[in-house]
Structures are given as C-alpha cells and as structure tokens.
Protein chains: 2
Amino acid sequence: MVEEALTAERILEAAEEVLRRFGPAKATVVDVARALGVSHGSVYRHFPSKTALRDAVAERWLARVSHPLAEVAAEKGPAPERLRRWLDLLRELKRKKARDDPELFATYSNLVADARDVVRVHVETLASQIARILADGVEQGAFTIEDPVAAGWAVFNATAKFHNPIHASEWSDPGNDAAFEGVWSLLLGGLGVREVPAKARKKPSKK
Amino acid sequence: MVEEALTAERILEAAEEVLRRFGPAKATVVDVARALGVSHGSVYRHFPSKTALRDAVAERWLARVSHPLAEVAAEKGPAPERLRRWLDLLRELKRKKARDDPELFATYSNLVADARDVVRVHVETLASQIARILADGVEQGAFTIEDPVAAGWAVFNATAKFHNPIHASEWSDPGNDAAFEGVWSLLLGGLGVREVPAKARKKPSKK
DNA sequence: GGACTGACAAAAGTCAACATCTGTCAGTCG
DNA sequence: CGACTGACAGATGTTGACTTTTGTCAGTCC
C-alpha cells in the first residue's frame, strides 16, 4: 500500500475538516495528525505552530471569498452597477459562510479579533478591489472621485457593519437590508453619482 | 444620627462607583449594598434584578453622552459644519470614556454585545439627533436628501467603525483618523453637499 | 405598616488536582 | 539521509468539590 506523502496541502485539508467539525475551541493538532494517521510531531515539521496552521487554513478559506469578488471587480460593465453587485456578493458570501460553515466562520472571527496579518491582507485585497471598480467608474465618467484608493477604503469602512464578522449577529436583524440600502444611497452620492437609479428624479429646482 | 433614606438614586450612584472600581466582572450586588451600609436584600427592593440595576447605571452614563450631543444637534448654525462637530464630539466622548472610565466602558460594551434595550434606545436617540441636523440642512439648502430619518440611520451605520464600542480596539490604530476623513468625504457627497469645504475646488467642466 | 434584615435555595463562580495539548528533539526506520 | 516517531516539559484546559452570589421571603423593628 503506497502511503501518500505528507504535504502541507494535505495537512491543510485535514485541518480545515477538523476545524469544521470541532470548531476553533476544540480542534487540536493531535486531531489533525490523527485524521492523517501520523504523529502530531509530523505536523510541526510543516507548520511552525498551531497558530500558523490556523492562519494558513484561514488564508485558503478567505481566498475562496476574495476570488469570486475579484472576478466581479475585473468585469467591464458600468462601475456603479458593478460596485453594487460586488458589495451584494461580499455580503452574500459572508452570510453564507456564517450560516453553512459556522465553525470556520468562528475561526475567522477569532482571527479578526486577534488582528492577525492574514486578515489585514484580506481586507487590503478587498479594499483594492473596490478601488479598482471606482477607478473604472472614474474613467467611465460615472464617478467623481479624487482618490479611488482612499475612496475604496472609505467604502469598505462605511460598509463594515455589513461584512465585518464582528457584526455577524446583526445580519439577521429585520432592518439590516434596509440599513444597507440607506448606506448604499449615501455611497452613490458620495461617489459623485448624480442619477438616482430607480424612479426618475425631478431636476433640482434651485441652483 | 439621621440616616439618609435609601433611594434608587443613591443606589445608582453607589453601583456606578462599585462598577467603576471593580468592573462588570467583579462587581456584586453585595458590594453595592456594603457601600451603602445596607443588606443586599434592600437593593432588590428598588431594582428587580442585578441586570436591571446595571442597565439603569448604563442609562445614566449614556445620558451623559447623548446630552452634550443633543445640544450640538439643537444649534442653529450651518448643518454640514454642525454634523461634522457632532460626529467629532461623539467620537471624542466615546474615546474619552474608553480611556478614562475603562470599567464602565467595558460594562457598556457588554450591554451592546447583549443587545440590551437600553442600548437600542441610545442609538435611536443618536440617529434621530443626526436626522435633526440633516433636516435642518435640507431646510438651509445645504443638503439634498429625500428622507432625513433614513439618512440619519445611514450616517450612523456608515460611521459605526468610529463610535461602536465593538470597534474600540481599532480607535488607536494609526490610520483611524484618516479612515474617518475618508468616510466623512463620502458622507458629504452622499448628503448632496457639492462644495468641498477646504481648498477651493475648480468648477466641474462637464455638465 | 412598610422599610429593612438575615437566613435560605438555587445559580454561578473559584480553585487546585488532574488531564490534555503544544512544541521540541534525540533517536528509529526505510 | 531525512521523514517520521514517541517520549517529554511546560503550558493550557478540564473537572468537581467548594465558595460566593443572586434572588426570595418570613419576620423584625421603628
């Protein structure tokens, strides 16, 4: 019987499964090793610490959030509509993770609370995706922005309530979607979009 | 020797002092009673539970946040400048509490995490103060807003990162003030303010 | 007679003995 | 030789007996 070689990749898969099963509070390195049929010392040959292993699992998991978003950010269509879809997708992905993968989501929430580097990189990725959409929008003449990078951060910060896992418990509140729509309106104006998308708007009489 | 009557007011003062000293984790009803020289049974004559007592202490404490803000909200000057001062004051008050009154601030953070009614009332108060400033601004022709109440909530939500105690640990981050400025710019635009306040801006060439 | 006490039950919290886990490394095995 | 093991020390968690706290209420005292 040919044993498959022990690789970082296989450890990550096993670790993710163990985290999913037992959650961040109960999952141990011994559990991961047991799932792989090796001693836990072997795991430490590939990852310097349990923390590093957890970060690496989270990194893969976060990539599965930021990749679909990157695709939307890279599209060609009108930027305002694209920004809206991007934000909707971010909310949807986060909420889906919180719902379908509660233990991994709890792991991620811990990382956020611990201000781990892997989280900093993730939010930088997201903010720069927004910046990219905003820059496209400026080129299209749809947005009036001085500094798309700064504005990208501003959009990310202003919508924190709707994607930061620290606020996850509020996502199922009755008014949450309405609250998002309110902030979205603010954003549209703040980005220099003059046309109100839905029903036609009267031209302002003054000025 | 005339003993002063035991009133809810005196209990609240003692409870606040006990909470300030020992923090939410260590303060007990017996401590509060001891500070007043009575049995803890007497305290339960005035408050139905420890939770109710804690909420009442927080309510007083929150009033000391919302009252100075209400004064700013009620002023007569130009609304955009007033909104800015209101937000600055909110940030300053919250940060001051976190710094100078860490135990009471921790008590409040717990209440927020528990989604207590007293917190809901507090944020409703704040959101309506914003709405009032916005309504003034619309009357002055400084803001272009359809629904000041909805916009008040949106401003409150979009700035959550800068006043919600759940984010308190980020308030001392290096970029936090810059992040606030970014969101503030977004807000100004989102509220329909066309003039950029600081250095003169060229008139837009298109449209 | 109503504010207050103090004794009490149930709930929650503490703490130290015990158990498990993390991280290391000398040594085995293929 | 080098991936892997297993035994180990120190750190961290768990357990369960014990203590404190919460909340109640019959009874006292002015």
Side-chain angles (χ1 to χ4, degrees), chain A residues 1-58 103-104 106-107 109-111 113-114 116-118, chain B residues 1-58 103-104 106-107 109-111 113-114 116-118:
Chain A
M1 179 174 170
V2 175
E3 296 286 342
E4 203 175 338
L6 186 60
T7 60
E9 189 59 28
R10 285 188 62 222
I11 294 173
L12 283 174
E13 245 146 69
E16 179 167 330
E17 187 51 32
V18 166
L19 273 169
R20 209 191 305 276
R21 272 231 188 82
F22 302 140
K26 289 288 174 194
T28 74
V29 177
V30 174
D31 290 330
V32 175
R34 185 165 31 232
L36 290 161
V38 300
S39 72
H40 75 281
S42 303
V43 173
Y44 280 96
R45 186 153 290 276
H46 296 270
F47 293 92
S49 67
K50 185 187 187 180
T51 302
L53 176 56
R54 183 157 41 109
D55 284 4
V57 170
E103 299 293 13
L104 282 184
T107 304
S109 297
N110 289 352
L111 294 184
D114 295 353
R116 301 292 306 163
D117 222 57
V118 64
Chain B
M1 180 172 173
V2 175
E3 295 287 341
E4 204 175 337
L6 185 60
T7 61
E9 188 59 29
R10 284 189 64 222
I11 293 173
L12 283 175
E13 244 147 70
E16 178 166 332
E17 187 51 32
V18 166
L19 272 170
R20 208 190 307 279
R21 273 231 188 82
F22 302 139
K26 289 288 173 193
T28 73
V29 177
V30 173
D31 290 332
V32 175
R34 186 165 32 232
L36 290 161
V38 299
S39 72
H40 77 280
S42 303
V43 173
Y44 279 97
R45 185 154 290 278
H46 293 87
F47 293 92
S49 68
K50 186 186 187 183
T51 302
L53 176 55
R54 182 155 44 105
D55 284 3
V57 170
E103 300 293 15
L104 282 184
T107 303
S109 297
N110 289 352
L111 295 184
D114 295 353
R116 301 293 304 164
D117 220 58
V118 64

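Computed from a predicted structure; not experimentally measured. Chain letters run A, B, ... following the sequence lines, proteins first, then strands; residues in each count from 1.
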Using atom [atom1] of [X] as one end and atom [atom2] of [N] as the other, report the distance to the nearest whole Å.
| X | N | atom1 | atom2 | result |
| --- | --- | --- | --- | --- |
| B/Tyr44 | C/dG6 | OH | P | 17 Å |
| B/His40 | D/dT22 | NE2 | P | 7 Å |
| A/Lys50 | D/dA11 | NZ | P | 17 Å |
| B/Phe47 | D/dT24 | CZ | P | 15 Å |
| B/Arg34 | C/dT5 | CZ | P | 14 Å |
| A/Arg10 | D/dA3 | CZ | P | 15 Å |
| A/Leu53 | C/dG23 | CG | C1' | 13 Å |

| When you check the phosphate oxygens OP1 and OP2 of D/dA3, does a side-chain N or O of A/Ser42 lie under 4.0 Å from one of them? | no

| Short side-chain N/O contact to C/dT14 OP1/OP2 from B/Lys26, under 4.0 Å | yes

| said: Whether the A/Thr107 and A/Asn110 side chains hold a donor-acceptor pair (N or O, under 3.5 Å, no angle test) is what I'd like checked. | reply: no

| message | Given D/dC4, D/dT22, D/dA7, identify the nucleotide with an atom nearest to the side chain of A/His46. | response | D/dC4

| request: Please work out if B/Val29 contacts a base, only the sugar-phosphate, or nothing of the nucleic acid, heavy-atom cut-off 4.0 Å. | output: sugar-phosphate

| query | Which is true for A/Ser39 with a 4.0 Å heavy-atom rule: it touches a base, it touches only sugar-phosphate, or it touches nothing? | reply | base

| said: Which is more 5' along DNA chain C, the nucleotide nearest A/Asp31 or the one nearest A/Arg45? Just name the residue. | reply: A/Asp31

| Electrostatic pair B/Glu17-B/Arg20, nearest N-O below 4.0 angstrom | yes

Do the side chains of [Y] and [X] get nearer than 4.5 Å, heavy atoms only?
| X | Y | result |
| --- | --- | --- |
| A/Arg116 | A/Thr51 | yes |
| A/Asp117 | A/Asp55 | no |
| A/Asp31 | A/Arg34 | yes |

| message | If you assign each of A/Val38 and A/Ala25 to its closest nucleotide in DNA chain D, which residue comes earlier from the 5' end? | response | A/Val38

